[in-house]
Amino acid sequence: MHIKHLSGALVLAACLVTPALAAEPAKPGLTGKDIAFQLPKGNCLACHAIAGGEQPGTLGPELKDMKARFPDKKELAAHIADQTAFNPYSAMPPFMKHGALTQEEFDKLVDFIHGL
């Protein structure tokens with residue numbers, strides 16, 4: 001396949017995927033744990049082990065003792081919002097930069113993760 005065709009295919013794929021990342025209104029009763037454990041929102045279990053989660057990923061560190069690791073919850077929030085600001089090569093999605101979560105969902109997720 002020529003590079004010209006490949007780049008066009010990549011642009012098309014990005015256009016098809018981008019709407020799926022857009023934040024939808026939070027569902028009533030959605031908890032931070034729901035967001036962390038389930039698709040299509042946070043899905044932290046895809047990369048992190050979390051107590052109570054099934055089939056965790058191993059790409060990222062286990063999420064435990066978070067208050068000790070991040071005494072300032074705002075610092076943790078910044079890492080979750082856009083880890084690429086701290087490490088441009090991070091595989092972690094920049095959840096707020098790309099609008100994957102609403103502010104309400106993000107706040108619930110940060111509260112849940114900080115409480116681990």
Could you walk me through whether L116 and D65 pass the side chain to side chain contact (heavy atoms under 4.5 Å, CB included) test, one step at a time? CA-CA 6 Å; L116 295 174; D65 304 320; over 6 Å; no
Rounded distance (nearest 0.5 Å) linking atom CD1 of I80 with atom NZ of K73: 10.5 Å
With rounding to the nearest 0.5 angstrom, report the NZ to CD1 distance, K33 to I113. 11.5 Å
Kindly indicate, with the supporting measurements, whether the criterion side chain to side chain contact (heavy atoms under 4.5 Å, CB included) is fulfilled by Q55 and L45. CA-CA 7 Å; Q55 300 180 333; L45 283 174; over 6 Å; no
Is there a donor-acceptor pair closer than 3.5 Å between any side-chain N or O of D111 and the backbone N or O of K108? no
Is there a side-chain contact between I50 and P56 (heavy atoms, below 4.5 Å)? no
Any sub-3.5 Å donor-acceptor pair from H48's side-chain atoms to P61's backbone N or O? yes
How many angstroms lie between atom CD of E62 and atom SG of C47, to the nearest 0.5 angstrom? 14.0 Å
Just wondering, do N43 and Q38 contact through their side chains at under 4.5 Å, heavy atoms? no
Roughly how far, to the nearest 0.5 Å, is CG of D34 from CD of E105? 10.5 Å
Approximate separation, where rounding is to 0.5 Å, of L109 CG and L101 CG: 6.5 Å
With side chain to side chain donor-acceptor pair (under 3.5 Å) as the rule and sequence neighbours excluded, what pairs involving residues 74-95 come up? H79-Q83, D82-T84
Who are the side-chain contact (heavy atoms from CB on, under 4.5 Å) partners of A81, not counting sequence neighbours? M96, F106
